[in-house]
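The block underneath contains the structure these notes are about, expressed in C-alpha cells.
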Amino acid sequence: MKKTVLLYAFLFMAVFVAAPWIGPERVALHHVSDFLKGISSPEGNIFWLQRLPRVLLGLLSGGALAVVGAAFQVLFRNPLVEPFTLGVSGGASLGAFTAIAVPSLWIGWGPFSSLQLFAVTGAFLSLFLIYRLARRRGGVSVTTLLLAGVTISIICGGGILLLTYLAHPNALVIFQRWMMGGIDVIGYREMISLLPLLLPGLAMIGWHARALNHIALGEGMALGQGVDVPRVQRDIFIGGGLATASVVSLVGPIGFVGLIVPHAVRRLSGYDQRTVVIGSFCLGGSALAACDALARTLLAPTELPVGIITALVGGPIFIHLLIRRLGK
Amino acid sequence: MSDPVLVLRNISHRYEESGWSLHVPLLEIKKAEFVGIIGPNGAGKSTLLQIAAGVLRPDGGAVLLNGRSLSSTARKSAARTLGFLPQELTSSSDYSVEDIARMGRYPYLKGLGGLSGADENAVDRSLALTDLMDFRRRRLSQLSGGERKRAFLASVLAQEPEIMLLDEPTGALDIHRQVQFFRLLRELADGRMGIVVVTHDLNLASLFSDRLVLLSGGRPVRSGPPAEVLRSPVLAEVYGRGIFVGTHPQVNKPIVLPDQGGGAA
C-alpha cells in the first residue's frame, strides 16, 4: 500500500517537472536558467511566469477536487458524489455570473478579483444555507445535506437562467467560457489567493482520514468505536466546502476530476482512506495539470478550456473502469 | 457481586413523528453477566441498546459508565469500556477482515500514529476468538453473511471492552452459526465480559442468558432469570396467545414453541 503512495508522489513530481516545458512556444534550457541569473527573455518569462504558476495551480486544484470527492463519497456513502454535488459550484457559478453580468458591481480586493470574490461569496452562501438546513441535534443529517445541496443547485440554476435571459450577449460569452473551467492564469497572485481557504480545508479532511474509514463501516459502528461522528461529518462538510469554493471561484467548475480520480485510486490501492486521500491529491493534481498541458497544445495557438479535456479524457477512462469492474 | 459497569436510570426517549416513547426506570449491567433483551417488534429493544451504547442520546435520564455520565465521557475513552455491534452491518468500502479488526483499536490510537505491537496482539486475539485467522486477508465481498458478522464482531472485540452490546447479531444466520455465535458470547461472559444481546430468538436467549429483560411498548415488563420471564402468562400478555412454553430436554431451561392450533391473532 505504501508502495503505491510513492508511485503517486513520483507521478506528481514528474508532471510538476515536465509540464512547464509543454506548450505552443518552445522553451530551451538556457532560457530557463538565464531567467534565474536575471537575464530576461520572452521564453524565460513564459516558463517562469506563465507555465509554472499554471502547472502549480493545476496540481493544487486537481488535487483538492479529488481529495474532496474522495471524502464526500465516503461521507455520503455514495460513489456518484463529487465536490460539486453539494451546491457549491451552483452558488459559485451564480456569484460569478452576477459579477460578469452586472459590471457596475465590480470590486477587487487584495489579490482577489471581483469575479473571484463574487464566486466565493456565492459558494459560501449556498454552503451556509445547506448547513443550516441539515443541522440537527448533535450534528448534521447527511441525507438532508445531500438533498439540500441538490436543491440549492437547482435554485442557483434557475438564477443563472434568469441572468442568461436578461444579460448582455457579451456577458453570456464570458460566463459560458468561465463555466467550461480553465486554469489560464498569469503569475502567482491567483494561486496564492487560493491558499488561505484551500489549505485549512484540505487539512480538515486529512486529519479525519482515519475516522472516514470507520464511517464507511456505518455510523453506529463508528460511534461505538469512539469516533466523534457528528464532528467528523461537520468538519468534512466545511473543509470540503472551503476547498471546493476556493478552487471553483478561481478555475470554474472543472468536472470529473473529483468524481473519477478517487475511484481510480481505490481500485489501484485499496480502501484505506489515508492512502486514498494522499493518492487522490497526487493523481488528481497530476491529471488536471496534464490535461491542461494538452489543453494548451492540442489546438495551438488556440487554447482549449481544460474542462472539455477532463470530460473527454476522463469519461472514457471511467467507462473503462466500469467495464473492467463488471467483467470481474 | 461487583458494582455495575453500565447503569441506565430513568431513561426516556420519544420519537416525535410517531409519538412512540421509551421509559426504562433502571437497567444495570455487570461484568461477567449475560443479559438478553427480548420483546416483540417495536418494543424498543434497539432504541434501548443504542441509548446504552451512547449512539442515541436519550431525552431524559442518565447513562452512567463506571459511575460517570456517558454523554460527558470522551468517546474514545467510552469505547475502551463499551463495545457496540449494530444491527445493520454494511460497509461501503470493501475492506479486508484484518483491516476491520484493526479499526477496533481506534480508541487506543493517538493522533495520526499507527498500531503498536500491543494493538496488533489484541487484533490477533480477536481474530482467533472469532475463528477468522485463516480469513484475515479476505475481503468483505468474499465472505458469507456469517463470516462478515464475525469480522465486525472481531473489530468490536479488538476494542477489548468490559461490556459488549449486540443488536440482533444472529439474524440471517443458520441455526448452527447462531448457536456457535451465542456460545462464543457465553464464553466471553464467562471470561468476565458483560454481554447484552438484543434478540428475537427466545430459545437462544433462554439457553445462554443469565438474565432476561422483556420489553413491550417501550416499557420493561419483566426482568429476571429465563425461568421467571419465559412463562406462558407473561408471554401471552406481550406476544398474544399461541405460544407454548416447555422445558429443554437436556437442560432445565424454558423453551418456547408455537402452540398447536393456538389462536395467535
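The sequence lines fix the lettering, A, B, ..., with proteins before strands; numbering per chain opens at 1.
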- Item | Over 12 foreign heavy atoms within 6.0 Å of CZ, A/Phe16 |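 Not more than 12 within 6.0 Å, no.
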- Within 6.0 Å of OH in B/Tyr15, more than 12 heavy atoms from elsewhere: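 Buried by this count: over 12 neighbours within 6.0 Å.
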- Item | Verdict with reasoning, B/Thr90 to A/Arg77, per side chain to side chain contact (heavy atoms under 4.5 Å, CB included) | CA-CA 10 Å; B/Thr90 51; A/Arg77 296 177 77 89; 3.4 Å; yes
So how far is it from [X] [atom1] to [Y] [atom2], rounded to the nearest 0.5 Å?
X        : Y        : atom1 : atom2 : result
A/Leu217 : B/Glu88  : CG    : CD    : 13.5 Å
B/Ser91  : A/Ile215 : OG    : CD1   : 12.0 Å
B/Met103 : A/Gln225 : CE    : CD    : 8.0 Å

What part of [X] is in contact with chain A, defined as an atom under 4.5 angstrom from a non-hydrogen atom: side chain, backbone, both or neither?
X        : answer
B/Leu89  : side chain
B/Ser155 : both
B/Leu109 : side chain

For residues [X] and [Y], report the shortest heavy-atom separation together with the two atoms involved.
X        : Y        : answer
A/Ala216 : B/Tyr95  : CB-OH, 3.5 Å
B/Val156 : A/Met221 : CG2-CE, 3.6 Å
B/Tyr106 : A/Ala211 : OH-CB, 4.2 Å

Relative to chain A, which of [options] shows the most heavy atom pairs under 4.5 Å?
options                     : result
B/Val55, B/Leu140, B/Leu56  : B/Val55
B/Ser92, B/Ala158, B/Pro161 : B/Ser92
B/Ser77, B/Ser93, B/Ala78   : B/Ser93

- Task: Check the pair B/Asp94, A/Tyr271 against side chain to side chain contact (heavy atoms under 4.5 Å, CB included), reporting the backbone distance first and the verdict last.
- Result: CA-CA 7 Å; B/Asp94 195 14; A/Tyr271 293 89; 3.4 Å; yes
- Among A/His214, A/Arg274, A/Glu219, A/Gln273, residue most engaged with chain B (heavy-atom pairs, under 4.5 Å):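 Looking at each option in turn, the highest pair count goes to A/His214.
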- Message: Would you say that A/Val227 contacts B/Lys76 through its side chain, given a criterion of any heavy-atom pair below 4.5 Å between the two side chains?
- Response: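 Not in contact.
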